[in-house]
Amino acid sequence: MALLNPFSLYISISFFFFFSFSFSNAKDSSFSSPTTSSDVQLLLLKIKPLLQSNSDNLVLSSWNTSTPLCQWRGLKWVFTNASILSCTDLSSPQWTNLSLHNDPSLNLLSLQLPSANLSGSLPREIGEFPMLQSLYLNINSLKGTIPLELGYSTSLSDIDLSYNLFIGVLPPSIWNLCESDRLLSLKLHGNSLTGSVSEPALPNSTCKDLQFLDLGSNKFSGDFPEFVTKFGALKQLDLGDNMFVSTIPQSLAELRLEKLNLSHNNFSGVLPFFGESKFGVDAFEGNNPGLCGQPLKSCGGNNSSLSSGAVAGIVISLMTGAVVLASLLIGYMQNKKRKGSGESEDELNDDDDLDEEIDEENGGSGSAVGGPGEGKLMIFSGGENLTLEDVLNATGQVMEKTCYGTAYKAKLADGSTIALRLLREDSCKDRNSCLPVIRQLGKIRHENLIPLRAFYQGKRGEKLLIYDYLPLRSLHDLLHEIKAGKPVLNWARRHKIALGIARGLAYLHTGLDFPITHANVRSKNVLVDDFFVARLTDFGLDKLMIPSVADEMVALAKTDGYKAPELKEMKKCNSRTDVYAFGILLLEILIGKKPGKNGRSGEFVDLPSMVKLAVLEETTMDVFDVELLKGIRSPMEDGLVQALKLAMGCCAPMASVRPSMEEVVRQLEENRPRNRSALYSPTETRSGSITPF
Ligand SMILES: *[C@@H]1O[C@H](CO)[C@@H](O)[C@H](O)[C@H]1NC(C)=O
Ligand SMILES: *[C@@H]1O[C@H](CO)[C@@H](O)[C@H](O)[C@H]1NC(C)=O
Ligand SMILES: *[C@@H]1O[C@H](CO)[C@@H](O)[C@H](O)[C@H]1NC(C)=O
Ligand SMILES: *[C@@H]1O[C@H](CO)[C@@H](O)[C@H](O)[C@H]1NC(C)=O
Ligand SMILES: *[C@@H]1O[C@H](CO)[C@@H](O)[C@H](O)[C@H]1NC(C)=O
Ligand SMILES: *[C@@H]1O[C@H](CO)[C@@H](O)[C@H](O)[C@H]1NC(C)=O
Ligand SMILES: *[C@@H]1O[C@H](CO)[C@@H](O)[C@H](O)[C@H]1NC(C)=O
């Protein structure tokens, strides 16, 4: 009886895990008691002594065990359960509680000691506080370099180290903080940092929450750090008073900057056009006399005619942007009119985003393709440059055929490439139920999801979904294909892939006004880039299918081993069946074996059963892919065991006990591999080795 209960099975599995791992880790002494590694201890033993050059700093002397924790200066604390330790009420017992510093569930949340007469250095252990969000040590006399380990911090979002005496380079690991989408503000104004500004490990990093970047009044040299022009959320950028020598990239004008300071460097060339009198002369003064363009002197003379041409080009393209916008509006109005006149061929759910739709009448331009009649192209954000003609004239090459359609890689006349999915004839439901779903799909934008840019419907009902084409390998190929030149998939990389997938799914399930089920989670539908960012394709298509095709999709999921057991009785996928499929996928990532029917032998590989068996036989370590175990010292501390348990939880036979994708994301974030520096570069080593770059 008990064995039939999935819960007790799960619990017994966890028990065995613990059992088997405590055996295999008998030599690993890192299972130390939690109190010795608490934030309070770290603060007293490693941070306090180094922040001061001699031990008489008034502010830091308050950090001692004979003083109640609430009275330690410049600190805020948070319990592991995320509730903040309130120290504002002087009459509360917490204010005088002398045993709070022994509470292992307390974590440092912020360290703020501006103008505190600190004269030591920044200890590298500052990166080890798991929940530290803000670090303000501005206006002190801290010396030495900014430690590489700062970039390994898991929660830091606000850093202000301005007006100290820091020297050396900006550690490249600092951009790792962008990875968790937390870095909001980085201020290093008024130090003596040198060298060129290190680039992020991911070349196209968007550091998407970073709003304030202040590197002003240092000794940075080299070119303008062009990568910051991809930081889309940036509001304030200060590179003033350094020694940069280069031109200023035109793409800087694409950021929505509110404050900018590039003064007192050696920038030259033509300034990007930021808009009429957006920034004053003081933002650009004190550079190479050759620097020109608004608001500085205009770029006259023969040698810069090309550049003024470029500026004109920008203006013209801005104008054509306006023209496109106008024609979109005209299309919208016409559409409305036709509807008003009763000739309503399309029963679209008229909501306010109809203006995204372009009606292209076939005015002779399409005749080259044999007159497809009245085709319709629905454009979504980022697909604005696509025209009906482009799409119809694209030359395609088949990438994949599935039960619901064929995917093509298609070249446009202008040389760019898109991915097209031609839905199988009759596979799609009628127009009325299709269009609202398509419109929802077209709105989805997330780093881990491939965006739908446009949708085309031909007169005869042919339906094309138009996506970005990314020349990337699928996770399936990465895991199972034997090919030379494949990257090593260590645990840090696999963890990053898994987390990316989980975030994408969580966004579909809970991040949208209309929750979407992926319904086709499998390793073939995950694309992985050179930096192990995962992107999901083919989501939400089940809603477009007539039932018989949707059933075929489910049947395929079964052959491939991703089908949740309850899909026997009910045919409709939901978020819980996505979680199940994700569980199988996570097992696939951990074990490195392909689930489902094996092409060659025809045998069915049941990954969850494999794990259960291994646990019972106490050979759990053997189920992990060998490649994944490289460099792992403690599978427990590196989050490997937790990931395996999590995967098994997702594959629970009973849908109601599976975690939500949000919970999955949380657990994966909590149990990260320790050596995440591998994400920066395989050769980067930890600590101590801040060799001259
Ligand atoms: C501990 O902190 C209190 C309050 O700030 C201070 O008066 C006392 O001198 C400190 N003791 C030591 C040993 O630093
Ligand atoms: C979190 O934990 C602390 C101490 O362990 C407790 O005082 C507090 O009430 C808890 N808060 C919540 C929301 O559970
Ligand atoms: C003091 O803090 C400890 C550890 O958090 C807690 O167990 C204890 O109940 C607190 N005492 C008072 C009087 O609040
Ligand atoms: C600052 O620290 C130095 C020692 O590092 C000390 O001599 C000086 O008195 C301190 N100044 C203030 C204002 O606390
Ligand atoms: C980064 O962006 C450039 C230009 O937009 C592109 O050519 C390159 O392939 C991108 N790299 C990655 C890894 O996405
Ligand atoms: C730009 O930076 C310089 C040097 O740091 C400073 O003197 C100037 O006031 C700043 N200008 C603006 C507009 O922030
Ligand atoms: C500025 O850069 C130019 C080369 O572009 C160089 O000749 C000049 O010496 C530099 N000026 C300063 C003050 O560094």
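In listed order, ligands and their atoms are each counted from 1. Computed from a predicted model, the values in this text were never measured in an experiment.
Within ligand 6, counting atoms from 1 as listed, the ones closer than 4.0 Å to a heavy atom of Asp241 are 4 (C), 5 (O). Per-residue contacts place Ser83 under 4.0 angstrom from the following atoms of ligand 2 (heavy atoms of the residue considered): 1 (C), 8 (C), 10 (C), 11 (N). Less than 4.0 angstrom separates some heavy atom of Ser263 from each of these atoms of ligand 6: 1 (C), 2 (O), 3 (C).
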(request) Could you give me the CA-CA distance, side-chain angles and deciding distance for Ser99 and Asn97, then say whether side chain to side chain donor-acceptor pair (under 3.5 Å) is met? (result) CA-CA 6 Å; Ser99 49; Asn97 189 333; 3.0 Å; yes

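Here the heavy atom of the protein found nearest to atom 13 (C) of ligand 6 is Asp282 OD2, 3.5 Å. Ranking the protein heavy atoms by distance from atom 12 (C) of ligand 7 puts Asn266 ND2, 3.2 Å first. Protein heavy atom closest to atom 2 (O) of ligand 2, with residue, atom name and distance, is Asn81 ND2, 2.5 Å. At the shortest separation from atom 11 (N) of ligand 6 among protein heavy atoms lies Asn261 ND2, 3.0 Å.
Put simply, atom 7 (O) of ligand 6 has no protein non-hydrogen atoms near it, under 4.0 Å away.
Between the Asn191 side chain and the Leu161 main chain, a donor and an acceptor come within less than 3.5 Å of each other. In terms of modelled atom types and a separation under 3.5 Å, the side chain of Asn204 and the main chain of Lys230 share no donor-acceptor contact.
A salt bridge between Glu669 and Arg666 is absent, with no side-chain N of the basic residue lying under 4.0 Å from a carboxylate O of the acidic one.
Contact between Ser217 and ligand 6 is present, with at least one heavy atom of the residue lying under 4.0 Å from the ligand.
Listed here is the closest heavy atom pair of Leu156 and Gln133: CD2-O, 3.4 Å.
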